Amino acid sequence: ILNEDRVYTFGAGAISTSGDFNIAPDSAGNKILTVNMGAAIVVAGSVGLNGANFGVSKLDTTASNFALTAGTIAISSAGTLVANASTITLTGTGTLFTRFGTFTAGTSTVVMSPDAAVTLTSGTVTFYNLTLSPTITTNRTYTFGSGAITVSNNFTINPTAATTTKTLTVSLGSGGLTTTERLTIQGTGTGISNLSTTASNYALTVGFIVLETTGTLTANASTITLTKTSGTLFTRSGTFTAGTSTVVMNPNAAVTLTSG
């Protein structure tokens with residue numbers, strides 16, 4: 001039980017656990033347990049950031065930007081994850097990233113790469129970079145949860161197929177998706193990606209879109225808004241299934257609207 005703020009620090013050796021990693025301090029008076037990483041950490045199961053009573057937990061990758069790999073991450077209302085410029089990789093099943101507490105994204109990159117059908121998020125989440133890059137053995141679907149998703153830098157969808165052609169379909173959730181900079185939809189090898197706004201016609205707002213030959217954007221009847229104030233707003237080498245969508249381009253700048 002914490003009676004004052006405390007700091008726990010891992011040593012310099014890499015840490016690996018075949019189960020879960022939970023931080024759950026107990027405190028009667030809003031005290032914080034900060035856990036600083038000292039090297040890369042690999043967790044086969046879930047990372048849980050919780051607190052009992054008035055205890056608060058914080059996991060910090062530190063200014064050394066140590067890598068964190070886990071099956072899933074769950075940040076409760078009493079938890080904080082400080083990501084700095086680290087790479088955080090999620091490989092599990094179920095819901096990969098649950099946020100009810102604080103996620104300080106910094107300039108981190110969150111990579112989600114399970115060869116499974118998963119729910120990507122629960123709660124409202126702001127990422128810096130978000131990359132979906134599994135190696136898939138069959139067609140897979142990733143679905144965002146209902147909370148609004150913001151990617152304040154780049155969002156990349158880039159699956160690889162293990163053998164023959166396979167498709168990763170990424171479905172937006174009801175909160176829509178906002179990406180400040182580049183949305184890239186592509187695949188590697190025989191991997192194909194498809195970003196779908198779904199039949200619910202969820203909104204998509206991005207700086208600019210790069211649709212490679214192995215990528216598809218299925219727009220349904222959604223509104224897609226492009227906001228970047230320089231460069232080319234919509235580059236299409238792949239498939240744009242427009243449906244009855246509306247594409248809005250409204251930067252207050254001199255830009256190139258399309259390529260391809």
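For this chain, numbers begin at 1 and follow the sequence in order. Since we're looking at a predicted model, the values are computed, not measured.
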- Item | Backbone N/O of T163 and side chain of T190: donor-acceptor pair under 3.5 Å | yes
- Begin with the C-alpha distance, continue with both residues' side-chain angles, and end with the deciding distance and a verdict on side-chain contact (heavy atoms from CB on, under 4.5 Å) for L59 and L68. CA-CA 10 Å; L59 177 61; L68 175 62; 4.1 Å; yes
- The reported gap from CZ in R236 to OG1 in T213 (rounded to nearest 0.5 angstrom) is 10.5 Å
- Flag, side chain of N36 to backbone of T9, donor-acceptor distance under 3.5 Å: no
- Item | Contact summary for T214 and G187, nearest pair of heavy atoms | OG1-N, 2.7 Å
- Checking side-chain contact (heavy atoms from CB on, under 4.5 Å) for the pair V43/T69: CA distance, chi angles, key distance, verdict? CA-CA 6 Å; V43 178; T69 299; over 6 Å; no
- Message: Could you check whether any side-chain N or O of N53 sits under 3.5 Å from a backbone N or O of A28, counting only pairs where one atom can act as donor and the other as acceptor?
- Response: no
- Note on the structure: Exactly one candidate in T98, I88, L96 meets side-chain contact (heavy atoms from CB on, under 4.5 Å) with I73; the answer is I88
- Query: Would S46 and T72 count as having a side-chain donor-acceptor pair, cut-off 3.5 Å?
  - Reply: yes
- Query: Hey, which of N158, T160, I157 is the one that makes side-chain contact (heavy atoms from CB on, under 4.5 Å) with L168?
  - Reply: I157
- Query: Under 3.5 Å, is there a donor-acceptor pair between the S230 and K228 side chains?
  - Reply: no
- Item | L204 vs L195 side-chain heavy atoms within contact, under 4.5 Å | yes
- Backbone N/O of F234 and side chain of T258: donor-acceptor pair under 3.5 Å: no
- Query: Taking all non-hydrogen atoms of both residues, which atom of T141 and which atom of S171 are closest, and how far apart?
  - Reply: CG2-OG, 4.1 Å
- Would a hydrophobic clustering, with Ile, Leu, Val, Met, Phe, Trp and Tyr connected at side-chain separations under 4.5 Å, put F100 with L120? no
- Task: Measure centre to centre between the rings of F155 and F127, then say whether the value is under 6.0 Å.
- Result: no
- Message: I'd like to know if V170 and I192 are part of one continuous hydrophobic network [Ile/Leu/Val/Met/Phe/Trp/Tyr, side-chain heavy atoms within less than 4.5 Å].
- Response: no
- Query: Do V42 and V47 belong to the same hydrophobic cluster, where Ile, Leu, Val, Met, Phe, Trp and Tyr are linked whenever their side-chain heavy atoms lie under 4.5 Å apart, directly or via other members?
  - Reply: no
- Just by modelled atom types, is the A83 backbone N or O under 3.5 Å from a matching donor or acceptor in the T61 side chain? yes
- Query: Is a side-chain donor-acceptor pair under 3.5 Å present for T218 with S196?
  - Reply: no
- Item | Path from I32 to M37 over hydrophobic side-chain contacts below 4.5 Å | no
- Please walk me through it: do T197 and S222 pass side chain to side chain donor-acceptor pair (under 3.5 Å)? CA-CA 7 Å; T197 65; S222 295; 2.8 Å; yes
- CG on L172 to CG on N220, rounded to 0.5 Å: 9.5 Å
- Is the count of non-hydrogen atoms from other residues, nucleotides or ligands lying under 6.0 Å from I1 atom CD1 greater than 12? no
- Query: Do the side chain of S193 and the main chain of Q186 share a donor and acceptor less than 3.5 angstrom apart?
  - Reply: yes
- How far does OG1 of T109 sit from CG of L130, to the nearest 0.5 angstrom? 9.0 Å
- Query: Taking a hydrophobic cluster as the set of Ile, Leu, Val, Met, Phe, Trp and Tyr residues connected by side-chain heavy atoms closer than 4.5 Å, whether directly or through intermediates, do I185 and L233 fall within one such cluster?
  - Reply: yes
- Task: Apply the test side chain to side chain donor-acceptor pair (under 3.5 Å) to residues S122 and T95: give CA-CA distance (whole Å), side-chain angles for both, the deciding distance (0.1 Å), then the verdict.
- Result: CA-CA 7 Å; S122 176; T95 300; 5.9 Å; no
- Can you check whether F10 and F66 have ring centres sitting under 6.0 Å from each other? no
- Item | Other residues, nucleotides, ligands: >12 heavy atoms within 6.0 Å of N252 CG | no
- When you look at N153 and N129, which way does the side chain to side chain donor-acceptor pair (under 3.5 Å) test go after all the steps? CA-CA 5 Å; N153 197 45; N129 291 315; 2.8 Å; yes
- Task: To the nearest 0.5 angstrom, please state how far the NZ atom of K31 sits from the CZ atom of F54.
- Result: 12.5 Å
- Going from CG on L90 to CG on L132, what distance comes out if it is rounded to the nearest 0.5 angstrom? 10.5 Å
- What is the distance from atom CG of N194 to atom OG1 of T241, rounded to the nearest 0.5 Å? 7.0 Å
